[in-house]
Number of protein chains: 2
Amino acid sequence: MASIKDVAAQAGVSVATVSRVLNSHPSVSPDARGRVLAAVDALGYRPNAVARSLRTDQTRTLGLVISDVLNPYFTALARSVEEEARALGYSVIIGNADERPEQQDHHVRTLLDRRIDGLLVSPADGESPLLLDVARTGTPMVFVDRWIPGVDIPVVRADGHRAIQDLVTHLHALGHRRLAIIAGPAATTTGNERVEAFREAMTAHGLALPDAYIGQGDFQADSGRRVTEHFLSLPEPPEIVFAADNLMALGALDAIRARGLRVPEDIGIAAFDDIPWFVHTGPPITAIAQPTGELGRAAVRALIDIVEGRPPQSVTLPASLVVRSSCGERTTDSGSNE
Amino acid sequence: MASIKDVAAQAGVSVATVSRVLNSHPSVSPDARGRVLAAVDALGYRPNAVARSLRTDQTRTLGLVISDVLNPYFTALARSVEEEARALGYSVIIGNADERPEQQDHHVRTLLDRRIDGLLVSPADGESPLLLDVARTGTPMVFVDRWIPGVDIPVVRADGHRAIQDLVTHLHALGHRRLAIIAGPAATTTGNERVEAFREAMTAHGLALPDAYIGQGDFQADSGRRVTEHFLSLPEPPEIVFAADNLMALGALDAIRARGLRVPEDIGIAAFDDIPWFVHTGPPITAIAQPTGELGRAAVRALIDIVEGRPPQSVTLPASLVVRSSCGERTTDSGSNE
DNA sequence: ATCACCCATGTAATCGATTCCACGGCTTGA
DNA sequence: TCAAGCCGTGGAATCGATTACATGGGTGAT
């Protein structure tokens, strides 16, 4: 592969001049510029990003460590992150933590070793010492979706309080009283917040949220299945199961189906996160939609602000309730996607 | 961030010795090794991967350019690729082409600029001059899922012929005669193959595949919607719509629903690609499952074989029919996931 | 005409690693 | 006892870029 030296030789100039042309430095004669450009073309030369990064100490690359790529919510997030980054001249390296802290740390370390310019992370746990350390050393960093409390790092996320309140109001109006929740890991902020918001909303409607109606999940389908089976085997099963993410809702659906029960006649389902498939499940699922695309873009902008020395901004956007027919709504089902 | 020089100074040895310790070169005294290791620890030193890559001319990174991250099939593929690569000591940088050749080329170029050790690609079109060029220059490369004919590059893919044949037999047995297909882009191998296999299977059953029953899609949900609308407005609409990928099946479902029709009573649906959600759509969708995980792993192994100088191997694995109830099957629906 | 400055360019240092080569001290075999 | 070899080590070249500094010629002001 041709190097800058080859180009210099071919153009009959020094490597410095070639570099100047490539970086559009003003002080190059039109003649030299022309010869360099021709040589670049003739040799199909492309600058070696590795060498350039070593010298300039910047890679124009962002790292994104997400909790689970197979979760459509995170996939969508990753996609919007990559798009915005590309638009701003950065590349993105994605690391999939699979909800496992060790794997998260592995990726963080690898990304740091590659000297990425900044890190976008949605922490799998609430306590990563490594992440705390990275933050302390001053690596540009932004939390997306989930965050770690007590660290002075911008957070870009959706706030589900209002939407969850709307959901509970909606369910209450439909006559449901026994509402259960499949919670996310307590170690994640999103895991906690959604349970808390749910509990508050219930209280506001004078409803109790007994411990038996709080199932501990881990944002994976299997846990949704397991928790739902437990709910169903209770002497008095809930009327509605609210899953704190879309995968656990999938698991809940599995469990209900395995019992030969019907949604919403026998039991209702609602989910946090809205995905295109929720329109087509049997029945379409009432869900809380996050502005995923905007979250990804805002996160990238915040991170690049830090990288380029501007003051970053935390962003919180509202989530919103999308009513369909999985909770016994009478409507000839409807509900749109993002 | 501490460099090898800092470590050398702290340990009272030269950088050469530090490097030897780090690369477990045999010829280092236990004493020196101990001091170096202590210094590494004390400084929290991590070798700069950028510098190392520049010198060794290898990045231990693979590039993966896929057609569409939002497609669950490709997401699953990407995940298994990353896992296998990690297990073998490589990182993966994913580029999302979004089915757009220019964007694919952008990613290929960026990856090459970063001097990735090898490239895994599922070409968005059948003719990328850039890809051809890259192949010619000897960059280690393997095609996954889709490929470009006439290039001497290993291909790892699933063969759907048998499964499509099984599908048509299945549909024929259910009494369906008017079968339509939403094809993928003609520029992709998978796009073509699936139509061809479908046509062959129909012919084998003495059925015709009129042009009106071949809709041109692009593997995106919207095209599935559009094509299905067209099918439905035909004087004699098909009894079954077979979508060549899961997103177009989603679109088809949308279109059918928008018309107020029911599946499978009014029209049946089948899809290439199986995804967890197909179990829960209304009704569960009969689909053709690919061994996605194994495909990803095999592709990585083939690529690393090339990178490390071993002879690579093309791999073709069979896809298989998963019968559910979207085509009017009488069964009290069933069907498993991968 | 002279000085000062600017412009285009080249030389060389530098980034952080790896690795070839040289060197000194020891061991080993003759 | 001496040559040969090995072992642990350090010095320095190298990878491919960027960039500070030096240089020489040209231009404009006085």
Side-chain angles (χ1 to χ4, degrees), chain A residues 1-40 43-61 89 91 109-117, chain B residues 1-40 43-61 91 109-117 137:
Chain A
M1 204 157 263
S3 86
I4 197 172
K5 271 188 211 153
D6 304 316
V7 176
Q10 169 101 6
V13 298
S14 74
V15 294
T17 300
V18 176
S19 177
R20 289 195 187 95
V21 172
L22 264 33
N23 295 284
S24 39
H25 183 100
S27 180
V28 176
S29 68
D31 173 55
R33 155 169 286 108
R35 296 215 311 284
V36 168
L37 260 18
V40 163
L43 297 172
Y45 168 76
R46 304 230 81 214
N48 182 329
V50 173
R52 191 201 295 257
S53 295
L54 176 60
R55 184 62 236 256
T56 61
D57 201 35
Q58 47 160 334
T59 49
R60 292 199 76 82
T61 301
S91 297
R109 249 188 284 268
T110 311
L111 291 168
L112 256 33
D113 287 352
R114 307 197 157 207
R115 298 305 192 264
I116 46 153
D117 292 341
Chain B
M1 203 157 265
S3 84
I4 196 172
K5 272 188 208 150
D6 305 316
V7 176
Q10 170 101 3
V13 298
S14 72
V15 294
T17 300
V18 176
S19 176
R20 290 195 188 95
V21 171
L22 264 33
N23 295 284
S24 39
H25 183 101
S27 180
V28 177
S29 69
D31 174 54
R33 152 168 287 108
R35 296 216 309 285
V36 168
L37 259 18
V40 164
L43 297 172
Y45 169 74
R46 303 230 82 213
N48 183 328
V50 174
R52 193 199 292 256
S53 295
L54 176 60
R55 184 61 236 253
T56 61
D57 201 36
Q58 47 162 331
T59 51
R60 293 201 74 83
T61 300
S91 296
R109 250 188 285 268
T110 310
L111 292 168
L112 254 33
D113 287 352
R114 311 202 148 193
R115 300 304 193 262
I116 47 153
D117 292 341
T137 63

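As a basis for the values below, the full set of heavy atoms in this structure was taken, side chains included, without hydrogen atoms, waters or symmetry mates. So you know, we letter chains A, B, ... as the sequences are listed, proteins then strands, and number each from 1.
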> Do Arg115(A) side-chain and dG16(C) base share a donor-acceptor contact under 3.5 Å?
Replying inline: no
> What's the closest nucleotide to the Ala32(A) side chain, out of dA17(C), dG10(D), dT9(C)?
Replying inline: dT9(C)
> Between Arg33(B) and Leu54(B), who's closer to the 5' end of DNA chain D by nearest nucleotide?
Replying inline: Arg33(B)
>> Tell me the interatomic distance from Arg20(A), atom CZ, to dC21(D), atom C1', rounded to whole angstroms.
In response: 10 Å
> Checking all strands, does Ala49(A) fall into the base, sugar-phosphate, or nothing category for heavy-atom contacts under 4.0 angstrom?
Replying inline: nothing
> Quick one: the side chain of Arg55(B) and the base of dG16(D), do they pair up donor-acceptor inside 3.5 Å?
Replying inline: no
> To the nearest Å, how far apart are Asp31(B) CG and dG10(D) P?
Replying inline: 11 Å
>> Rounding to an integer number of Å, can you tell me how far Lys5(A) NZ sits from dG10(C) P?
In response: 16 Å
> Is the shortest side-chain N/O distance from Ser27(B) to OP1 or OP2 of dG8(D) below 4.0 Å?
Replying inline: yes
> Below 4.0 angstrom from OP1 or OP2 of dT18(D), is there any side-chain N or O of Asn23(A)?
Replying inline: yes
>> Rounded to whole Å, how long is the line connecting atom CE of Met1(B) with atom P of dA17(C)?
In response: 11 Å
> So what does Val50(B) hit on the nucleic acid, given a heavy-atom distance under 4.0 Å: a base, only sugar-phosphate, or nothing?
Replying inline: nothing
>> Run Leu112(B) and Arg46(A) through side-chain contact (heavy atoms from CB on, under 4.5 Å) and show every step you take.
In response: CA-CA 9 Å; Leu112(B) 254 33; Arg46(A) 304 230 81 214; over 6 Å; no
>> Without decimals, in angstroms, what is the distance between Asn48(A) CG and dT18(D) P?
In response: 10 Å
> Looking at the side chain of Val15(A), which of dT19(C), dA12(C), dG16(D) is the nearest nucleotide?
Replying inline: dA12(C)
>> Can you measure His25(B) atom NE2 to dT18(C) atom C1' for me and round it to whole angstrom units?
In response: 11 Å
> Contact class for Ser19(B) (heavy atom, under 4.0 Å): base, sugar-phosphate, or nothing?
Replying inline: base
> What is the distance from atom CZ of Arg52(B) to atom CZ of Arg114(A), rounded to the nearest 0.5 Å?
Replying inline: 11.0 Å
> Can you check whether Thr17(B) has a side-chain N or O nearer than 4.0 Å to OP1 or OP2 of dT9(D)?
Replying inline: no
> Is Leu22(B) close to Ser19(B) at the side-chain level, that is, under 4.5 Å between some pair of heavy atoms?
Replying inline: no
> Should Ser29(B) be listed as having a side-chain N or O under 4.0 Å from OP1 or OP2 of dT9(D)?
Replying inline: yes
> Charged N to carboxylate O under 4.0 angstrom, Arg35(A) versus Asp31(A)?
Replying inline: yes
>> Measure CG/Leu22(B) against C1'/dT19(C) and give the value in whole Å, please.
In response: 14 Å
> Between Arg115(B) (side chain) and Thr59(B) (backbone), is there a donor-acceptor pair under 3.5 Å?
Replying inline: no
> Starting at CD of Gln58(B) and ending at P of dT18(C), how long is that distance when rounded to a whole Å?
Replying inline: 11 Å
